[in-house]
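Since the model is a prediction, treat every value here as computed from it, not as a measurement.
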Amino acid sequence: MKFLDAFCGIGPWMHRDRLLPYQPHEILGLLDHFGIDQALVHSNFSADGGNAEWGNERLIDACNQSGGRFLPCLSLRPNPHRDECTMDGYLDLMRSCGSRSLWLVPSNLALWPWFFEDVANACIRHRIPVFFHRDMTNPEQLHQFCQAFPGLRIVLVGVGYGDDWWLYPLLRRFENLHVCLGHFYIPSHGPMRFLDHFKANRLIFGSGLPHFSPGGMVAHLMYADISGADRALIAGNTMEHLLNEVTL
């Protein structure tokens, strides 16, 4: 069974905890230790509020040196002053570096549908999965965004185990919304409880590296009382399928 970690940050960031690993070789060592085949990686620097272009440059360098273990998830923060920060510029960059997903970083937590219209429509057209971090939005903004772009493939990361009260209604309403397993999600009996309500292809494995060790989430999934087919979907097959469907 293949493990594809969909929630993994690499590289320096704005406010670094010196105890945390961040260099590519450190992350690769952890993937090896926990039996994770590949990781869909984003820039710690960009996700922490740093310049998206600078973070993407370091991310691409790390991916190029990983032997195919790192798959780049470019950070996107539109910049009206630079042509390369328009959606057309991002699509060109994605083609050149082999990226097939985007990590959306709204400025000032402003997930306005009208502001991201060009981005969302392009991602729908090209079937590009878009990642949001729970800390960068709130349930009402997320609902408005999903409602405005129901065809957009969204992967929500950083969800807490106490968020089911609003997350389940959103998942029922928007079939293209997925939730990432890591790092706080999901609690005891979670995979089984989740599968009582949704198909396994709505849940995607992610560790939360480098802030969290993959071990707990790997064990959480491996020892869950679910079918082997569902386990494989969560571990990596669903994310791999989403990436393979991208048309660039």
Side-chain angles (χ1 to χ4, degrees), residues 1-17 19-50 52 55-76 94 97-105 128-136 153-160 178-186 203-222 233-243 246:
M1 184 176 67
K2 178 177 181 178
F3 268 88
L4 172 55
D5 189 344
F7 185 17
C8 180
I10 62 170
W13 53 89
M14 295 277 287
H15 309 97
R16 183 194 166 204
D17 182 337
L19 295 177
L20 297 180
Y22 74 96
Q23 297 186 35
H25 74 272
E26 295 176 304
I27 302 300
L28 284 171
L30 289 169
L31 298 185
D32 289 339
H33 180 76
F34 292 106
I36 298 173
D37 301 272
Q38 289 181 303
L40 187 66
V41 292
H42 64 273
S43 164
N44 290 324
F45 185 83
S46 302
D48 196 30
N56 285 336
E57 289 175 3
R58 274 75 192 162
L59 179 74
I60 293 169
D61 288 342
C63 290
N64 289 338
Q65 298 173 34
S66 72
R69 299 286 300 282
F70 292 156
L71 308 176
C73 182
L74 298 184
S75 297
L76 189 153
M94 291 179 72
C97 73
S99 175
R100 305 180 78 79
S101 60
L102 289 172
W103 183 276
L104 195 61
V105 189
I128 298 170
V130 174
F131 285 72
F132 294 155
H133 196 290
R134 168 71 175 89
D135 291 346
M136 301 300 293
R153 299 176 171 202
I154 295 173
V155 181
L156 186 63
V157 304
V159 178
H178 302 75
V179 59
C180 194
L181 184 66
H183 46 81
F184 294 125
Y185 201 71
I186 48 186
L203 188 61
I204 291 172
F205 172 77
S207 68
L209 270 170
H211 298 280
F212 296 85
S213 170
M217 282 300 169
V218 171
H220 192 73
L221 180 57
M222 291 302 295
L233 283 171
I234 297 168
N237 287 359
T238 295
M239 192 68 247
E240 193 168 53
H241 176 74
L242 289 174
L243 296 175
V246 174

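The closest side-chain heavy-atom distance from F205 to L4 is not below 4.5 Å. Residues M94 and V246 fail the side-chain proximity criterion, which asks for heavy atoms closer than 4.5 Å. No side-chain heavy atom of V159 sits less than 4.5 Å from a side-chain heavy atom of C180. The closest side-chain heavy-atom distance from M136 to L104 is not below 4.5 Å. In this structure the side chain of I204 never reaches within 4.5 angstrom of the side chain of V157, judged on heavy atoms. Contact annotation: the side chain of F70 never approaches that of L59 to less than 4.5 Å [non-hydrogen atoms, C-beta and beyond]. Side-chain atoms of V155 and S101, non-hydrogen and from C-beta on, never get closer than 4.5 Å to each other.
Checking side-chain atoms of S99 against main-chain N and O of P72 turns up a donor-acceptor pair under 3.5 Å. Side chain of R100 to backbone of I128: no donor-acceptor contact under 3.5 angstrom is found. When atom types are taken as modelled, the side chain of H42 and the backbone of C8 share a donor-acceptor pair closer than 3.5 angstrom. At distances below 3.5 Å, not a single donor-acceptor pair connects side-chain atoms of S75 with backbone N or O atoms of A52.
The CD1 atom of I10 lies 14.0 Å from the CZ atom of F45; values are rounded to the nearest 0.5 Å. From Q65, atom CD reaches atom CG of L28 across 10.0 Å, with rounding to the nearest 0.5 Å. With rounding to the nearest 0.5 Å, the separation of NE2 in H220 from CD1 in I234 is 9.0 Å. The line from SG of C97 to CG of L74 is 4.5 Å long, rounded to the nearest 0.5 Å. The structure places CG of L40 at 6.0 Å from CG of L243, a figure rounded to the nearest 0.5 Å.
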Do F3 and M222 pass the side chain to side chain contact (heavy atoms under 4.5 Å, CB included) test, and can you show the C-alpha distance, the side-chain angles, and the key distance before you say yes or no? CA-CA 11 Å; F3 268 88; M222 291 302 295; 3.8 Å; yes

Using the rule given for side chain to side chain contact (heavy atoms under 4.5 Å, CB included), can you reason through F34 versus D5, listing the C-alpha separation, both sets of side-chain angles and the distance that settles it, and then say yes or no? CA-CA 11 Å; F34 292 106; D5 189 344; over 6 Å; no

Side chain to side chain contact (heavy atoms under 4.5 Å, CB included) between R69 and D32, intermediate numbers included: CA-CA 10 Å; R69 299 286 300 282; D32 289 339; 2.9 Å; yes

What do the steps show when you test Q38 against K2 for side chain to side chain contact (heavy atoms under 4.5 Å, CB included), and what is the final call? CA-CA 8 Å; Q38 289 181 303; K2 178 177 181 178; 2.7 Å; yes

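Of all non-hydrogen atoms in L209 and P214, the two that sit nearest each other are CD1-CG, 3.7 Å. Between G9 and I27 the shortest heavy-atom distance is O-CD1, 4.2 Å. Closest of all the heavy-atom pairs between C73 and F131 is SG-CD1, 3.9 Å. Taking every heavy atom of both residues into account, S46 and V105 meet most closely at O-CG1, 3.8 Å. Between C63 and L71, the shortest heavy-atom contact is SG-C, 4.1 Å.
Ring geometry for H133 against F7 counts as perpendicular: the plane angle is over 60°, on a 0 to 90° scale with 30° as the lower cut.
Other residues, nucleotides and ligands contribute only 12 or fewer heavy atoms inside 6.0 Å of the NE2 atom of H33.
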